[in-house]
Amino acid sequence: MASVPVAVEVVAAVLVLLPSAAPQELPAPWGWACDEGLCVKGVTSDTTTSLNQCKLTCGPESAVWPRPASIEHSSEVAFFLPTNVTRRVSCQDAVCPLLDQAIDLFLDNLQKYHPDYAGGSAPWEGPWDASIVSHTLDLDVTIWNADDRLSLETDESYQLFVTTIADKTNAQVVAATYFGARHALETLSQLVDYEEGVDALMVVSAATVVDVPAFPYRGILLDTSRNFFSVQSIERTLDAMAANKLNTFHWHITDSHSFPMQLETLPNMAYYGTYSSRKIYTTTEIRNLVEYGRIRGIRVLPEFDAPAHVGNGWQWGEEQGLGKLAVCVNREPWQSYCVEPPCGQLNLANPKMYDVLGQIYNEMVELFSPIDLFHYGGDEVNLNCWNTTDEITSWMDENNFGRDADAYYNQWSVFQEKSRQLLTSANADREVPGILWTSHLTEEGRADQYLDPTKYIIQIWTTGTDYLIGELLEKNFRVIFSNYDRWYLDCGFGAWVGEGNNWCSPYKGWQAVYDNSPLDIATDLTGSAHEELILGGEAALWSEQADEMVLDARLWPRGAALAERLWTNPSHNWEPAETRLIRQRQRMVARGIMADRIQPQWCHQNEGLCYLKGIHQGCQAMGDAEVAGVTKA
Amino acid sequence: MKVFVAAALLALAAAEGYFRLPNPYSYSCQDGLCVKEERIVSGEYNSLDKCQITCGEYGSIWPQPTGKVELSKETVSFSPLHMRVTKAATSDNRVARMLDNAIQHFTRTIHFLHPDFPQTEKQPLTPEDFENTGHFNQKFQNEDPAQQEQYRQRSEYDRNQLRQRPRYSREEPESFIRRSPFLRKRSNPGVESHNVNIEITVTASDHKLRLDTDESYNLVIQTVGDETTATILASTYYGARHALETLSQLIAYDDINNAVQVVRDAQIQDAPSFRYRGFMLDTGRNFYPKEDLMKLLDSMAYNKMNYFHWHINDAASFPMYSNRVPKMTYYGAYDARKVYYPEDIREIVEYANLRGISVIPEIGGPAHNAAGWQWAQKEGKGKLALCTDSNEPWFELSKEPPSGQINPINPEVYPILGELYRDLMDYFDPEMVHMGGDDVSFKCWQSSEEIQQYLSQTKRESTSREYFELWNTYQSSAYNKLQEAAQGRQVTPIIYSSSFARNYIDKDSYVFQISEFANESVIADYIKNGYKVIFSNQDQWNLGCLTNTWVGDKAENCPSEVPTWENFYRNSPLDMLEYLGVNNARSDIQQADGTNTKNLVLGGEATLWSFDTDANGLQSKIWPRMSAFAERLWTDPQSSLSGTSFTQKRLNIQRQRMVYRGIAADPLQPEFCLQDEGACFSREQYRARTTLNNQQ
């Protein structure tokens with residue numbers, strides 16, 4: 001017990017400090033200083049600022065994600081309250097209502113910077129200096145043209161000028177289209193942050209941003225068939241996409257597992273196909289989501305995957321006198337008839353199937369109206385399914401099509417052509433480009449035999465080193481990259497049938513996502529970047545092992561890494577982007593997105609110190625001091 | 001919103017017959033699996049929920065009970081509003097209040113079964129009479145009341161500096177029932193007349209879980225006419241709580257009657273195979289709000305886990321508010337919002353206790369220390385932590401950034417450590433304290449001028465032998481300080497396994513946590529030499545490494561294969577010991593000296609180091625993989641996993657159950673596989689099934 005008196009002394013010493021212990025009170029005694037683009041932590045002094053302020057002013061890109069094509073900014077900030085934002089807009093009638101909503105969203109996002117935000121208006125309490133109370137942020141937005149729908153030709157560029165004179169900060173936005181203007185507001189919101197010391201917002205006092213995306217197609221795929229995702233969770237995904245200037249939500253709405261889409265004229269599809277009556281997207285909800293995306297600069301792109309990847313939902317045909325619409329539905333053992341359970345493929349021999357398909361297209365075109373692209377799916381057809389189904393084999397024989405693989409590929413391509421005609425007729429005879437996955441139809445020497453490069457865009461999901469990519473480009477197909485070795489976000493967990501890790505393991509870390517450059521891949525394979533053919537890229541979240549519970553953490557912040565690749569197409573690798581990505585991740589969390597952590601918070605507070613060297617052993621056996629490498633005595 | 005949608009659907013159903021509820025499918029139990037079939041219009045309708053709680057030897061109980069289980073194939077429906085406790089017999093007031101809380105918690109989980117219960121409102125239930133449970137009103141430390149009051153005022157002052165609002169409002173325990181969808185719409189009349197009575201008898205007065213606590217229970221369900229009675233008999237509160245958990249797993253939603261249904265008759269005898277079924281969370285690298293820790297404790301209770309090892313601080317941050325050394329927190333916390341204040345900690349400890357969980361705090365050393373220790377140098381105490389200079393490359397000094405290790409030769413270290421331990425005694429009243437002992441870097445000490453000077457002054461060489469001695473200086477001084485702080489109470493320290501631990505640590509004073517990979521031969525040595533151990537094989541039971549690597553982009557930092565739920569399930573401590581040549585590892589026969597293997601193996605612990613995890617990813621990274629781990633430790637099954645879908649199907653249901661209760665567990669499979677338990681088979685499972693069918 002000898003040390004007890006010592007302990008009491010320590011306590012006494014601490015207590016003596018208490019009354020005048022200002023430097024030791026919470027919040028912490030630390031401040032940050034900008035040193036060559038990095039925020040360096042030290043004891044608070046006259047030359048330090050809060051971490052937020054440092055992050056806003058220190059690096060060349062401020063805290064903007066994705067990095068703009070060009071940005072300059074001052075190292076000063078101006079403090080203001082979110083209630084003191086004015087707006088002046090110049091726009092055409094078609095887009096003014098959209099712009100109003102975009103500005104409202106911008107104001108909401110400002111509220112969310114408050115650390116105690118819990119919906120609605122955050123608890124701004126002050127007390128504030130007069131200079132803060134009187135300061136205004138004046139928005140001045142000009143949009144030239146009346147485009148209110150996104151297409152591959154839409155001009156998404158914008159210019160943003162921030163200037164501060166006395167108690168006014170002016171933010172001038174100039175953009176050709178609404179879509180450029182909303183991107184500008186997103187950028188402006190990222191030049192703002194919360195300052196704890198004064199309980200107010202701060203904005204970079206001066207900035208010039210001239211910005212344009214590198215690729216016109218910047219997408220996220222969500223599969224809502226293997227598992228269901230609520231409308232709210234999809235809205236949250238669209239919010240997060242908007243924060244990263246992604247512009248395409250590719251909705252893989254149905255598959256063989258379930259059919260969650262309500263169709264007014266074909267109620268049996270969902271009746272037989274949903275997981276439960278609560279797991280359905282009503283027509284109203286779908287229309288609302290399309291509009292929700294449009295306001296955020298996002299096209300909601302529907303996919304109706306066929307002729308494979310259909311099954312549950314199609315069982316009602318015989319009962320209604322239409323014959324078998326799909327074959328091999330839930331057939332076992334699945335290993336023989338499809339790539340994963342449950343099986344199912346459209347019945348090519350049944351002409352009534354086309355009536356139903358046409359009706360589905362009719363409704364989808366209307367629900368997602370107006371469409372500028374349509375995804376036909378078209379992957380992973382299993383010939384053995386068709387070739388072991390009597391109805392199909394006798395139809396093949398009757399028509400003298402033959403029964404070898406090429407015969408089936410031919411009939412598949414006939415199906416694809418009929419589908420295209422049905423969709424075009426559903427779309428009032430307006431032809432829109434169709435998107436198809438790489439498949440047997442696009443294999444070596446086949447693509448141009450079956451598909452017309454002026455009518456189809458090919459979405460690539462093989463690896464980034466597949467020579468097929470080069471062949472498609474040389475045959476003039478426009479392409480979207482989703483090479484699974486970098487941009488499949490479902491990889492890296494336990495296999496869901498059988499044991500071991502899943503087929504495309506390991507997990508694709510954000511660094512791998514960031515470094516995947518379509519133009520570099522094209523150059524490596526063909527010697528040319530083929531910029532005019534590469535529309536962009538898309539990260540895919542297939543949902544065999546994801547649902548609403550894990551959606552945000554699976555998509556973010558990896559989706560943000562994808563966004564900078566597609567918006568900025570940086571010439572450098574992930575390393576210089578790391579601290580900014582962490583900032584962007586924090587911003588998404590503040591906006592209600594449950595994005596995953598990628599580092600200890602220590603790395604956020606100590607920029608540049610979590611560098612790569614040696615091996616971190618946290619995941620390996622811990623304990624033995626010998627590994628530290630000191631010679632044995 | 002969901003309510004609106006449901007209403008809209010019902011309207012549609014009425015208007016157009018669009019949705020003929022419930023759906024066109026019915027389920028039948030075939031060879032222990034619920035198989036989906038198109039419903040025959042005139043035939044009997046069996047819902048998936050009903051099939052799942054009655055199909056197979058264990059229904060959907062997780063973890064599987066170890067004793068006798070008899071379940072009837074029938075269920076009986078009732079309204080959760082007609083479920084009440086008719087008897088809660090205990091001679092102890094404290095236990096009675098704890099039972100009240102457990103029953104409230106149980107009742108909520110039944111209401112949560114309704115698919116329209118808003119997910120966002122499934123938040124932890126703060127115990128109403130928390131202040132009155134009395135546990136923490138007793139002053140553990142011998143300090144005068146004025147001193148205690150001063151601590152309280154200062155920590156409250158620091159906390160009030162924040163504008164922070166609690167994330168969840170504290171509510172009356174019953175108020176959630178007012179939001180229950182079961183209340184808005186009555187159940188079918190035939191169901192409304194059925195009553196469910198719960199009768200609980202607890203014989204002992206234990207109100208704190210210890211390693212020797214009897215967690216066994218008996219549960220009997222009997223239905224006669226309009227009455228179903230569930231009778232729970234347990235020696236302790238902890239057994240009774242487990243019984244309520246099991247009972248909740250015999251109840252499912254009934255979609256036809258807007259009600260719930262319970263297995264009509266059942267008998268279950270159950271007791272855990274291992275007494276330590278733990279989980280470690282690291283709150284030093286990333287912070288977790290209090291409410292998230294409470295949800296974690298809830299989810300552990302759903303799997304009958306019973307120890308929460310709280311790795312509070314690390315080199316990266318020191319988030320615990322220290323009453324006695326608050327500067328540790330001022331300097332060490334990430335920010336003022338990321339602090340566990342004493343009242344938060346006590347609330348968490350009490351919450352855990354009500355969930356049947358004991359909290360083991362860790363303030364470990366000598367490695368993994370930097371944040372918080374910075375203040376002392378400014379006050380003339382010298383360097384308490386070494387290797388904290390960011391100009392030096394971390395990889396020369398430690399396994400990860402930031403580097404930092406206690407300075408074992410600075411005598412100022414130990415009184416401060418003693419004060420921190422006294423804080424732990426105050427906040428946790430712990431049965432055990434974890435002292436760390438992992439990742440010690442001799443290179444750090446080797447690079448320190450101060451240490452080198454000390455070695456040369458005392459005429460010692462810079463050899464690993466001397467560094468082991470330094471480590472021992474630290475460990476024995478820290479141990480003494482811990483025992484002083486304990487003031488005569490028995491507090492058992494836990495230390496990570498290492499060659500240091502094997503050579504320097506007294507096996508009778510400590511428990512050893514084995515982090516070696518499965519089947520490493522040294523593991524057997526611990527048992528052969530009579531150490532008390534907790535298994536924590538880092539290649540099988542580490543929940544991290546699932547996603548990004550956080551330093552650089554080299555995926556090789558982690559094992560090439562992520563441990564799946566099968567790894568968590570298969571890793572059997574006793575089988576491993578048999579494999580390593582420990583005889584009769586599974587024997588129940590007591591050795592004369594009391595050192596039989598089963599006594600030495602306390603159990604196991606799964607770990608999550610928070611390099612790349614915070615509250616957003618926590619639940620999905622641990623669940624349902626840790627459920628598999630929980631069944632290993634509760635049930636210790638000896639049957640093989642391969643070739644059957646039975647474990648997978650029960651695990652899917654357990655995952656779904658946790659989701660219903662507001663836990664964001666990872667889905668292992670498409671929902672299709674949950675709805676058709678026989679459909680998602682591997683080749684091995686298909687062969688096993690066809691063989692079985694051919695035999696019949």
Side-chain angles (χ1 to χ4, degrees), chain A residues 3 6-7 10-11 24 26-29 116 123 125 226-227 257 267 272 275 277-278 333 341-342 492 494 496-499 501 506-507 509-511 544-545 547 549-550 553 594-602 609-610 612-619 621-625 628 630 632-633, chain B residues 18-19 158 161 163 165 285-286 316 324 327 330 334 336 390 395 399-401 415 418 438-443 463-465 496-499 515-517 538 545 547-548 550-553 555 557-558 561-562 564 566 609 612-614 616-617 620 664 666-667 669-672 679-680 682 686:
Chain A
S3 67
V6 182
V10 172
V11 171
Q24 270 92 37
L26 290 170
D116 297 329
E125 287 172 349
R226 272 60 177 254
N227 276 304
H257 303 67
Y272 278 79
Y275 283 134
S277 58
R278 287 173 179 80
W496 64 276
V497 176
E499 295 194 29
N501 284 188
Y507 183 89
W510 77 269
Q511 301 95 332
E544 283 91 346
Q545 296 172 285
D547 68 8
M549 295 298 130
V550 300
M594 303 269 282
D596 211 0
R597 269 274 176 202
I598 57 172
Q599 288 188 327
Q601 190 174 351
W602 191 85
L609 294 185
C610 291
L612 166 65
K613 269 296 174 189
I615 300 173
H616 99 80
Q617 307 262 339
C619 303
M622 302 174 305
D624 268 12
V630 177
K632 290 255 187 183
Chain B
Y18 177 62
F19 266 101
D158 275 333
Q161 290 301 295
R163 298 183 182 88
R165 281 150 177 69
R285 290 178 177 84
N286 278 308
R324 293 175 174 77
K327 277 176 283 189
Y330 298 151
Y334 279 135
S390 62
F395 52 86
K399 287 188 173 174
E400 62 181 90
D438 54 333
D439 294 340
V440 171
S441 161
F442 289 174
K443 279 185 172 180
T463 59
S464 62
R465 176 192 294 276
Y496 279 115
S497 57
S498 66
S499 51
S515 49
E516 282 85 357
F517 282 14
Q538 289 294 292
C545 276
T547 55
N548 300 274
W550 65 280
V551 180
D553 62 351
N557 291 354
C558 284
E561 292 262 298
V562 169
T564 65
E566 289 97 339
W609 303 97
D612 53 2
T613 303
D614 68 9
N616 284 357
S620 67
D666 210 18
Q669 294 190 319
E671 188 169 352
F672 184 84
C680 300
S682 64
Y686 188 71

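Throughout, protein chains are lettered first and strands after them, A, B, ... in sequence-line order, and every chain is numbered starting at 1.
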For the pair [X] (side chain) and [Y] (backbone), establish whether a donor and an acceptor sit closer than 3.5 Å, ignoring hydrogens and angles.
X: A:Glu544; Y: B:Gln669; answer: no
X: B:Asn286; Y: A:Gln601; answer: yes
X: B:Tyr334; Y: A:Trp602; answer: yes
X: A:Asn227; Y: B:Glu671; answer: yes

field: Selection from A:Pro341, A:Ala595, A:Pro333 maximising heavy-atom pairs under 4.5 Å formed with chain B
entry: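 Of the options given, most contacts go to A:Pro333.
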Any side-chain heavy atom of [X] sitting closer than 4.5 Å to one from [Y]?
X: B:Pro667; Y: A:Val550; value: yes
X: B:Asp612; Y: A:Asp596; value: no
X: A:Pro600; Y: B:Trp609; value: no

- prompt: Rounded to the nearest 0.5 Å, what separation is found between the CD atom of A:Gln599 and the CG atom of B:Asp614?
  reply: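 A:Gln599 CD to B:Asp614 CG: 12.5 Å, rounded to 0.5 Å.
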Search all heavy atoms of [X] against all heavy atoms of [Y] and return the closest pair with its distance.
X: B:Ala664; Y: A:Met549; value: CA-SD, 3.5 Å
X: B:Pro401; Y: A:Cys610; value: CG-CA, 3.9 Å
X: B:Ser390; Y: A:Leu609; value: CB-CD1, 3.4 Å

Toward chain A, the part of B:Thr613 with a non-hydrogen atom under 4.5 Å: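 Contact with chain A involves the backbone of B:Thr613 alone.
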message: Holding to side-chain hydrogen bond (donor to acceptor under 3.5 Å, both in side chains), I want the full list of residues that pass it with B:Asn616, two or more places apart in sequence or in another chain.
response: none
task: With sequence neighbours left out, write down each residue that passes side-chain hydrogen bond (donor to acceptor under 3.5 Å, both in side chains) with B:Asp666, or none if nothing qualifies.
output: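 Partners of B:Asp666 under the side-chain hydrogen bond (donor to acceptor under 3.5 Å, both in side chains) test: A:Arg554.
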